[in-house]
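Report on the following structure.
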There are 2 protein chains.
Amino acid sequence: MSSIKDVAREAQVSIATVSRVFNNPAVVSNQTKTRVYSAAEKLGYTPNFSAKTMRKSIVGTIIVMIPDISNTFFIDIVRGAQDYAETRGYNILMGRFDIHHFDLQKYIKLVKSKAADGIVMAIGHNRHFAPVAEAKGIPIVTIEEEFMGNPYIYVDNFEAISEIVEYLISKKRSQIGFLGFKSERERLLAFKNAITKNNLKYDEELIKKGDEFGEAVYASAREYVEAILKIGKIPDAVVCASDVLAAGVIKWLIKNGLRVPQDVAVTGFDNIEVAELVQPGITTVEQPREIMGREAARLLINKIEGHEVAKKIAFQTRIVVRESA
Amino acid sequence: MSSIKDVAREAQVSIATVSRVFNNPAVVSNQTKTRVYSAAEKLGYTPNFSAKTMRKSIVGTIIVMIPDISNTFFIDIVRGAQDYAETRGYNILMGRFDIHHFDLQKYIKLVKSKAADGIVMAIGHNRHFAPVAEAKGIPIVTIEEEFMGNPYIYVDNFEAISEIVEYLISKKRSQIGFLGFKSERERLLAFKNAITKNNLKYDEELIKKGDEFGEAVYASAREYVEAILKIGKIPDAVVCASDVLAAGVIKWLIKNGLRVPQDVAVTGFDNIEVAELVQPGITTVEQPREIMGREAARLLINKIEGHEVAKKIAFQTRIVVRESA
DNA sequence: CCCTCCTTTGAAAGCGATTACATACATAAA
DNA sequence: TTTATGTATGTAATCGCTTTCAAAGGAGGG
């Protein structure tokens, strides 16, 4: 590939002038500018990225880390972040973490070595991270959970779950079960709180906290339905901590001859595509995922560029009513 | 941040020695090595990425471009690519293209400017790309479709659709409809071919090629079901070009009082999570998505590193039978 | 004891750009 | 005409690292 030197020679100017043409065109005369442009064109010149960032302090790349679940929830966050990053001239490097890949250290290293400028960690609720000494001083923004005092974006789970429970109560449901993963503990706490606040019975037998990761969604829903069928205690509503769980529960209820929502109402969480695709459609809680991604990117980039940023930003959820409840 | 110079001073050696310790430790004595290591540790030294790649020809980053649909199909490809890339020490830069973001040029530029080494384009079937002059000479591997003579990974849609049609015939279905997007034209052609090959009637009224992008899945399925209901010609099976379409079709059939699969069998394509979550589960065609992603990354990285690579690699699909057919 | 060879290290060039500083020339002000 | 000011360009230092080449010192062979 041709370098700035080649262009300089071709255009018969110094390399400084060539550099100016691309970075500060205002200061160079029109005549030279055209000479340089056509030389660059002729040689197919593209400025070398590494050389540039070696002199500049900002690289123009941010890392977005998401858990390794094929969950549209996180994908939308990435999309939002990317949309925004683009407008500020930043690229997105995909990061990942799950039980198998706990690579925070690796990404921190990428930032330290100036391969990227900072990290958005889409943590997900109640996945906890021990502080990492090396992470100090590098720009980080998290989603859903605080991490080492860095800014974060979140939604109020307590309020959301509370709303959905109250919605069910308004529909005359009184025996309400809950299904979620352990990692969604906050949603369970919120559920417990909402139940007792409204003077309903918090029935441990109708509660299940799955232990698993990723693939286990389907099995977990099935086990839940089979368990309540076995003890013969059928709730008139089930609050699920995610839409996929809700879809699974609906599937197994119907398979066992129960009607949704007539016999059992089911609610989800997240409002991903699935919620609309299944029959009956799932009543769920919508979180502004893309916007959360955007905001995370915005905060991060502002931080990178040295501006003062908010400590935390909360977003409102919204109940989307479909047929399942 | 501290540089190689600082470490050199701290360890009382030359910068050349420090560099050797990190790149070619075999040639330096144990004594010096330990001195350098502890100096590096003490100063929190991380080699600067840009400086390094300015001297080396390989950056260690590949771009994976996917269409901007929240489709787990593409996400799995990215995951596969990332899994593999990691083992070779490469990172993934997220690229994107859709009607709104046709940014191939931008990514090509990233490669030309040595911010990345090459591109995996997860094109998707029958999305066509006009050749791009600038793309010449840069390492590219595509998925599902050939592009400018570059290597590509694909599955045989013809065979897959043919198999699914024959499976339906074996289940005594004879009036078979098709629903797909325009972009899935090859699957439609394959469908047509399979129908006529088996001496069934290819009935235009039972075929719908949606025009839309992204969000339109749900509406498209609904329109299809309403259309066949209106003309009163109910097929005994519907082949859908994707699982989300199939889920939508099932939903609307059930809503209109039809039974799946008793009245109408429905098949999908891709075997994404949804296929298992809905009731009835969707009989579909599985593509080895992650593996395709891996292979794409492998081909690309080999190409980047100057090895000879295959021209194209085909993968086998597999029918996953569930309840919907 | 001298010569050769090997191991270990340092000096310095160069990768491709940005940018502070200097210079040259033209123009406006005195 | 002389001086001050501004515009356009060039020179050279610098960013952090890799790598070639050379040199120093020790070990082994004759």
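For the numbers below, each heavy atom of this structure counts, side chains included, while hydrogens, waters and symmetry mates do not. In what follows, chains are A, B, ... by sequence order, proteins preceding strands, each numbered from 1.
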Should we count CE of A:Met1 as having more than 12 external heavy atoms under 6.0 Å? no

Would the base of D:dT7 count as contacting A:Arg20 through its side chain, where contact means a donor and an acceptor less than 3.5 Å apart? no

Sugar-phosphate, base or nothing in reach of A:Phe22, heavy atoms under 4.0 Å: nothing

For A:Thr32, answer base if it contacts any base atom (sugar-phosphate contacts may also be present), sugar-phosphate if it contacts only those atoms, and nothing otherwise; contact means non-hydrogen atoms under 4.0 Å. sugar-phosphate

Just to confirm, is there a sub-4.0 Å distance from OP1 or OP2 of D:dC17 to any side-chain nitrogen or oxygen of B:Asn48? no

Quick one: is C:dG10 close enough that its OP1 or OP2 comes under 4.0 Å of any side-chain N or O from B:Thr17? yes

Counting only heavy atoms not in B:Lys33 (residues, nucleotides, ligands), do more than 12 fall under 6.0 Å from its NZ? yes

Toward the 5' end of DNA chain D, by each residue's nearest nucleotide, A:Ala51 or B:Lys52: A:Ala51

Report which part of the nucleic acid A:Val13 touches: base, sugar-phosphate, or nothing (heavy-atom distance under 4.0 Å, all strands). sugar-phosphate

State whether a side-chain donor-acceptor pair under 3.5 Å links B:Gln82 with A:Arg96. yes

Rounded off to whole Å, could you give me the CE-to-P distance for the A:Met54 and D:dT14 pair? 13 Å

Send over the distance from A:Arg9 CZ to D:dG10 P, rounded to a whole Å. 14 Å

Is a salt bridge present between B:Glu10 and B:Lys5, judged by a nitrogen-to-oxygen distance below 4.0 Å? no

Hey, is the side chain of A:Lys33 poking within less than 4.0 Å of OP1 or OP2 on D:dA8, counting only N and O atoms? no

Could you state the NZ-P distance from B:Lys5 to C:dG10, rounded to the nearest angstrom? 16 Å

At less than 4.0 Å, is any side-chain N or O atom of A:Ser19 found next to OP1 or OP2 of C:dT18? Yes or no. yes

Length of the line joining B:Lys56:NZ and D:dT20:C1', which is rounded to integer Å: 14 Å

Starting at CD1 of B:Ile58 and ending at P of C:dC15, how long is that distance when rounded to a whole Å? 19 Å

side-chain N/O A:Ser29 vs D:dT9 OP1/OP2, d < 4.0 Å: yes

To the nearest Å, give me how far apart CE (A:Met1) and C1' (C:dA17) are. 17 Å

How about B:Tyr45 and B:Phe22: are their ring centres within less than 6.0 Å of each other? yes

d(CD, B:Gln31; C1', C:dT7) in whole Å: 14 Å

How close or far is atom P of C:dA13 from atom CD1 of B:Ile15, stated in whole angstroms? 12 Å

